[in-house]
Number of protein chains: 2
Amino acid sequence: MSIDGTPPAATPSRRELNKAATRQAITDAALALLRTRGPGSFTVEDIADAAGISRRTFFNYFSSTDAALASVTHGFLDNAIQQFRLRPADEPILQSAQAALIALADPMTVAPLAELFTLTQQSALMSHSELEAWEHCTEQIIAVARERVAGPEDSEDELYVRALAGAVISCGKAALEVWFTRRGADLSPASLAELRQLLIDAMSLLGSGFTAGSTPAPFRPAPSASVSS
Amino acid sequence: MSIDGTPPAATPSRRELNKAATRQAITDAALALLRTRGPGSFTVEDIADAAGISRRTFFNYFSSTDAALASVTHGFLDNAIQQFRLRPADEPILQSAQAALIALADPMTVAPLAELFTLTQQSALMSHSELEAWEHCTEQIIAVARERVAGPEDSEDELYVRALAGAVISCGKAALEVWFTRRGADLSPASLAELRQLLIDAMSLLGSGFTAGSTPAPFRPAPSASVSS
DNA sequence: TGCAAATTTGCACGACGGGCAAGTTTCTGG
DNA sequence: CCAGAAACTTGCCCGTCGTGCAAATTTGCA
């Protein structure tokens, strides 16, 4: 056990660097193959060869090709949780989620996710590893929400916390899906503004209990710029 | 193409019956193995042997062991969609969902799902096939919701519909999770009443936009009996 | 420098999932 | 009733997957 509490960050030893580099090489190789050959048409051995490692070593880092690709999603969602965690504790959870999501709607952050999404879109359902990443994010939100609700009673708020976290994730996913459907991998400022607006609208819908009969945009908690038609 | 619009229901031919029987035999065998050996400790060949068919034939029905087990979830959710579809079209979607879910909280319907859940609980995440079933259910809800919103404009309501459907599913899942956590596979009337109340509460939370700061049960749309402490 | 620990790699093995082409069962029209 | 068509089952084969194991290699530390 090290005296320092932050082993991976404060100790960029040779081993850590090598592992990180190998890990990155694997995901890069996987992404390159996904671009050139399309989903499901390459094997673990292909990735290992492209990354300059053995097949066996690949499995020391990821348990499947999907897992290697899902590291992109994992990175994005870890980022989201990080943003979410540093919101003030007295802020309503929905607003924290909204703020955290909007903070991520910049080109650098969404670009990898957008590419992954468009490249794997054709194969309908998300991969197991990808869903795992979203599930992990949900658990994180639950943890944060539980701290905030912070009642000494434990079982009463469990439904509230889990339902809220799941709903937030679902609505975030819905916003992303609609955005990808509309704009593909378009990362222009106008497109990103639309993504931000979609995220705001999704959280607003959630906050207002989907009261809109057929007209969307029930109300806007933040006076943000709307997308021009 | 047949003149009759309902080929599978109106034509219980020998072939259909055999296939249905084989399908059932497979899921029964899989479930039995899950009970006796636990998750992940038996192979496709084991199931095939127990069901009295060849390994190859198994793959004519299901693409994996998980898929065979997920037929339980599939059945439950198909039932749910069926209930959901025959709600009046002018009813708010959340109330339709609530009513459909409550209608399923009877022993016969939830028993298989409860057993599957408790047996696979220990292995953390849901299987791919199981998640596929939930995803399929979400798509069904989206389809129904789209009919009800029924605007001639198509892209405006897409976010509303997808966010709502996803949130409903998430909250339903949350209610089930909390129930399983609290009561295990308890199917007593009191336990089922609690499940019903959890489903009601989950949909209420969704309908009220999670406005409750820390106290659950924000309001109750149906004057149903509350769970006695 | 030399030893201990971590990491990579090759090998082997059981399981997976599906294409293919025979067998077998069921349905159809004569 | 029966022969041909269609659907279904089965065995065989192949490439891939994921992992335990032990030898070989690299890195850290004294």
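So that the names make sense, note that chain A is the first sequence line, chain B the second, and so on, each numbered from 1. Keep in mind it's a predicted model, so treat the numbers as computed, not measured. All heavy atoms count here, side chains included; hydrogens, waters and symmetry mates do not.
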In whole Å, I'd like the distance from the [atom1] atom of [X] to the [atom2] atom of [N].
X      : N      : atom1 : atom2 : value
B/E16  : C/dC27 : CD    : C1'   : 12 Å
B/I47  : C/dC16 : CD1   : C1'   : 12 Å
B/R14  : D/dT9  : CZ    : P     : 13 Å
B/L17  : D/dC8  : CG    : P     : 13 Å
B/F59  : C/dG17 : CZ    : P     : 5 Å
B/H128 : D/dC17 : NE2   : C1'   : 16 Å
A/F58  : D/dC17 : CZ    : C1'   : 11 Å
A/L33  : D/dT16 : CG    : P     : 14 Å

| task | Please work out which residues in residues 62-71 of chain A have a non-hydrogen atom less than 4.0 Å from an atom of DNA chain D and list them by number. | result |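 Here the set is A/S63, A/S64.
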| message | Looking at B/R35, I'd like to know if its CZ atom is crowded, meaning that more than 12 non-hydrogen atoms belonging to other residues, nucleotides or ligands lie closer than 6.0 Å. | response |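 For B/R35, atom CZ is crowded (more than 12 foreign heavy atoms under 6.0 Å).
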Sequence neighbours excluded and cut-off under 3.5 Å, please list the side-chain donor-acceptor pairs for residues 162-173 of chain B, or say none.
unit_1: B/R162; atom_1: NE; unit_2: A/E177; atom_2: OE1; d: 2.9
unit_1: B/R162; atom_1: NH1; unit_2: B/E158; atom_2: OE2; d: 3.2
unit_1: B/R162; atom_1: NH2; unit_2: A/E177; atom_2: OE1; d: 3.2
unit_1: B/R162; atom_1: NH2; unit_2: B/E139; atom_2: OE2; d: 3.4
unit_1: B/S170; atom_1: OG; unit_2: A/G166; atom_2: O; d: 3.1
unit_1: B/S170; atom_1: OG; unit_2: A/S170; atom_2: OG; d: 2.5
unit_1: B/S170; atom_1: OG; unit_2: B/G166; atom_2: O; d: 3.1

| task | Measure the shortest side-chain to side-chain distance between B/I47 and B/I26 over non-hydrogen atoms and say whether it is less than 4.5 angstrom. | result |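 B/I47 reaches B/I26 side chain to side chain.
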| Note, B/L199 side chain near B/Q98 side chain (heavy atom, < 4.5 Å) |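 The answer is no, as the side chains (C-beta and beyond) never meet within the 4.5 Å cut-off.
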| All pairs passing ring pair (Phe, Tyr, Trp, His ring centres under 6.0 Å) where residues 66-86 of chain B contributes a residue, at least two apart |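 Every ring pair (Phe, Tyr, Trp, His ring centres under 6.0 Å) pair that includes a residue of residues 66-86 of chain B, provided the two are not neighbours, is B/H74-B/H136.
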| Between B/Q82 and B/D78, do the side chains contain an N or O donor and an N or O acceptor separated by less than 3.5 Å? |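 Looking only at side-chain atoms, B/D78 and B/Q82 do not form any donor-acceptor pair under 3.5 Å.
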| field | Nearest heavy atoms of B/L125 and A/E132, plus distance in Å | value |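 Scanning both residues, the minimum pair turns out to be CD2-CG, 3.3 Å.
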| task | List in chain and number order the residues that pass side chain to side chain donor-acceptor pair (under 3.5 Å) with A/T57, two or more places apart in sequence or in another chain; answer none if no residue qualifies. | result |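 Scan of A/T57 (side chain to side chain donor-acceptor pair (under 3.5 Å), adjacent residues dropped) gives A/S54.
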Is there any protein nitrogen or oxygen under 3.5 Å from a nitrogen or oxygen in nucleotides 5-11 of chain C, and what are the pairs?
unit_1: C/dA5; atom_1: N3; unit_2: A/R15; atom_2: NH2; d: 3.3
unit_1: C/dA6; atom_1: O4'; unit_2: A/R15; atom_2: NH2; d: 3.4
unit_1: C/dT8; atom_1: OP1; unit_2: A/Y61; atom_2: OH; d: 2.7
unit_1: C/dT9; atom_1: OP2; unit_2: A/S54; atom_2: N; d: 3.3
unit_1: C/dT9; atom_1: OP2; unit_2: A/T57; atom_2: OG1; d: 2.5

Please list, one pair per line, the donor and acceptor atoms closer than 3.5 Å that link side chains of residues 66-73 of chain A to other protein atoms, with sequence neighbours excluded.
unit_1: A/S71; atom_1: OG; unit_2: A/A68; atom_2: O; d: 2.8
unit_1: A/T73; atom_1: OG1; unit_2: A/E130; atom_2: OE2; d: 2.5

